[in-house]
Number of protein chains: 2
Amino acid sequence: MNATDLERRRNSILETIVESYVTTATPVGSKLISRKLGQSLSSATIRHVMGELEREGLLEQPHTSAGRVPTDLGYRVYVDAVMCTRRPSAEEVRQLAAVLGQDELDLEPALERAASILSQMAQQAAFVVAPTVTQGRVRQIELVPLGVRKMLCVLVADEEMIASHVIDIEESITRDEVGSLVRFLNTELTGLPFDHLLGSLERRLLAETDSFYHMVKRSLEILQHVRSTEPDERLFLDGTSYVIAQPEFRRDPRKAHALLKCLESEDALLPSLRQITVGRRVQVRIGPEVQLAGFDECSCVAATFSIGGQAVGSVGVLGPKRMDYRSLRTLVDGMAQSMTEWLHGGASI
Amino acid sequence: MNATDLERRRNSILETIVESYVTTATPVGSKLISRKLGQSLSSATIRHVMGELEREGLLEQPHTSAGRVPTDLGYRVYVDAVMCTRRPSAEEVRQLAAVLGQDELDLEPALERAASILSQMAQQAAFVVAPTVTQGRVRQIELVPLGVRKMLCVLVADEEMIASHVIDIEESITRDEVGSLVRFLNTELTGLPFDHLLGSLERRLLAETDSFYHMVKRSLEILQHVRSTEPDERLFLDGTSYVIAQPEFRRDPRKAHALLKCLESEDALLPSLRQITVGRRVQVRIGPEVQLAGFDECSCVAATFSIGGQAVGSVGVLGPKRMDYRSLRTLVDGMAQSMTEWLHGGASI
DNA sequence: GTTAGCACTCTAAATATTAGAGTGCTAACG
DNA sequence: CGTTAGCACTCTAATATTTAGAGTGCTAAC
């Protein structure tokens, strides 16, 4: 038997161990593997290989007389080099997109639903991180006077991202002034990204000679308020109850509590989730790789969805390290694709 | 010793048992009570009384040689007839309101914060149920054209309740038409409750002779879309992780899971929560009284907050039956009052 | 390279043991 | 009559003890 054959066998043994452990949550022994591999190899041989895999740090034993369990590295190798995930079929993507789009939802409820559907299909906690108006190209601004010193500012950006904020203004303002302010703002923006718009106004304010000085000042006042109030991204999280149904957390309620606490804190979660989806395709982060306190026993499978080839947000699942990476990668990939599709079709204007 | 003295003693024994059990989560025995009551009564006498209380269904024993635990009825009597809650002081209410109002938040984030603060102070899950524009008096409507067949409808109601919806319209519409539609709508509403507005338009549509027939039709199309899309109330829930930290749920993770599942389903939760806060002041619902599947081991303390004397929403905590009803009643009361106060001060325009 | 056999290890489940917390009852006391 | 000390009794929860068996590594033979 040559070297690549041997390598292939090792892989298939690792694969079988991981997949068996993922479904049963029980350390797996040599006999079981031998059986699963169709008795083509005796348990003694398997034991041999398992010994090697352990020495290389891919497996470990909870105790001497137990079967083996994959280590973080074991999962890593399984995900990167062993398991073969298929890409979701066009049909699957279409179906997901259909569910997303049915009832012609607005953007926000649709994203919420995406998280909900994903969590249900994955039987794991699922999230969607989506950009807000401050990350998009502003297409329209409307100001609704609510009194002399108060107004509602409605911002519409591409892809139906909408934000509205109540703003207190320093100097009182008349209806007519509001009208011309709106006209000024809307000629000014012409599809500019929010921050560009803000920047260009700031520069104009510095050049004090500007004939629209007052307009610029007022506009800035409003937009800066929006900038500081509106978060840069929104998080939709669903299915957290699935997580604590997992046996690893049933056995240890303290871990379950720590995890839930962590999932409750949007502020802690967002940076980690953002950092995960740097690459293009589906990303898998195992245990400590997630870089989130209290998450060492958990993994994350995430992917980005895009608009015009530009990644704008991410979807993914969160669950115990012992998760079905193979199916989940396909599923998350599909969900991300269908969201991309949906954003181009239903939601774009 | 006369009858009222005896009654008073029974009450103080029940009180001590409940409050001890609430803090320790351990069945309480006669000796402990005797000690807590300053040895004024021997454990034998306490045992006597406890026997009575058990026969009356206020207490029960998990098993023969354990102490006693309050029954649902026991808690009920404790809450209704025994414990004395103080009302929150004006100072406490003021402080809570200050925290709510700081940073001059918009309505929605303030409600979210209210739930968050309450859950933190109570160390229990906390909720806020708040009305949406469809429950308020509409003060302003703005339409933002997003294309020939699409527009954004922004509704502003009292107390800064705001909703925006993207609406597809059947017949294409020009900018000028939108302008006159907005003018028509805004003269029409004049602070009417949403449903009245809808009703009056519906009636006008039936009288087909109306000179504004087309306006009315278009307005209805828009408002009906809002009616069917916008929920009647919004739920803010926070601190669910506190619930599963409670010993009763640590011991039985299945219960914890069932409960979390239940808390995740907004649709199931809302009707129950709505029904709780029918009365005026703070309401306490114990176990099955909450009338919610999977909630038999939990209780709810809730109160309404109001605008102009009219209850519009509710705040409360959710936790195990073994909760500190006394402090929580004061706390929830205070939070409700401060929200009422805040709605009158900061938020109203 | 593969495998049967075997001695060895360690756990998890089953069983036995024990300490003690709490009870109800009784009889005595003021 | 209400109160209380005393006592036998019950039941649990914690702690040992035993046991069955799953899984291992090693060895020697194929």
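Each chain gets a letter, A, B and so on, in the order its sequence line appears, and its residues count up from 1. Remember, predicted model here, so these are calculated numbers, not experimental data.
- Checking B:Arg285 against B:Gln291 by side-chain atom types alone, no donor-acceptor pair falls below 3.5 Å.
- Checking the phosphate oxygens (OP1, OP2) of C:dT23, a side-chain nitrogen or oxygen of B:Ser30 falls inside 4.0 Å.
- At a non-hydrogen distance threshold of 4.0 Å, B:Arg47 from residues 33-48 of chain B come into contact with DNA chain C.
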Criterion side chain to side chain contact (heavy atoms under 4.5 Å, CB included) on A:Lys255 and A:Glu248, from CA distance to verdict: CA-CA 9 Å; A:Lys255 278 189 185 165; A:Glu248 29 271 88; over 6 Å; no
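- B:Leu6 places its CG atom 12 Å from the C1' atom of D:dT3, with the value rounded to the nearest Å.
- Separating the CG atom of B:Leu53 from the C1' atom of C:dT23 is a distance of 15 Å, rounded to the nearest angstrom.
- Taking atom CZ of residue B:Arg68 and atom P of nucleotide D:dT12, one finds them 15 Å apart after rounding to whole Å.
- Rounded to whole Å, the distance from NE2 on A:His63 to C1' on D:dG25 is 16 Å.
- One finds no side-chain N or O of A:Arg251 lying less than 4.0 angstrom from the OP1 or OP2 phosphate oxygen of C:dA12.
- Base-pair partner of C:dG1: D:dC30 (Watson-Crick or G-U wobble, both distances under 3.5 Å).
- Checking side-chain atoms of A:Ser43 against main-chain N and O of A:Ser34 turns up no donor-acceptor pair under 3.5 Å.
- Atom CD in B:Glu52 sits about 12 Å away from atom P in C:dG24, given to the nearest Å.
- With both pairing distances under 3.5 Å, D:dT24 is matched to C:dA7 as a Watson-Crick or G-U wobble pair.
- With hydrogens and angles disregarded, no donor-acceptor distance shorter than 3.5 Å links the side chain of B:Ser299 to the backbone of B:Pro320.
- Nucleotide D:dG2 has C:dC29 as its partner under the Watson-Crick or G-U criteria, with both atom distances under 3.5 Å.
- Closest to the side chain of A:Ser65, out of C:dT23, D:dG21, C:dA12, is D:dG21.
- For the pair B:Lys321 and B:Phe295, the cation-pi test (distance below 6.0 Å, angle within 45°) is failed.
- Atom OH in B:Tyr21 sits about 14 Å away from atom P in C:dG22, given to the nearest Å.
- For the pair A:Arg55 and D:dG25, the criterion of a side-chain N or O lying under 4.0 Å from OP1 or OP2 is not met.
- Atom C1' of nucleotide C:dG22 and atom CD of B:Gln61 are separated by 8 Å, given to the nearest angstrom.
- No more than 12 heavy atoms of other residues, nucleotides or ligands shown are found within 6.0 angstrom of CE on B:Met121.
- Nucleotide D:dG23 holds its C1' atom 13 Å from the CD1 atom of A:Ile17, rounded to whole Å.
- Each of A:Thr64 and B:Pro62 lies near DNA chain D, and the nucleotide nearest B:Pro62 is the one positioned closer to the 5' end.
- Side-chain N or O atoms of A:Glu19 include none that pairs as donor or acceptor with a backbone N or O of A:Thr16 at under 3.5 Å.
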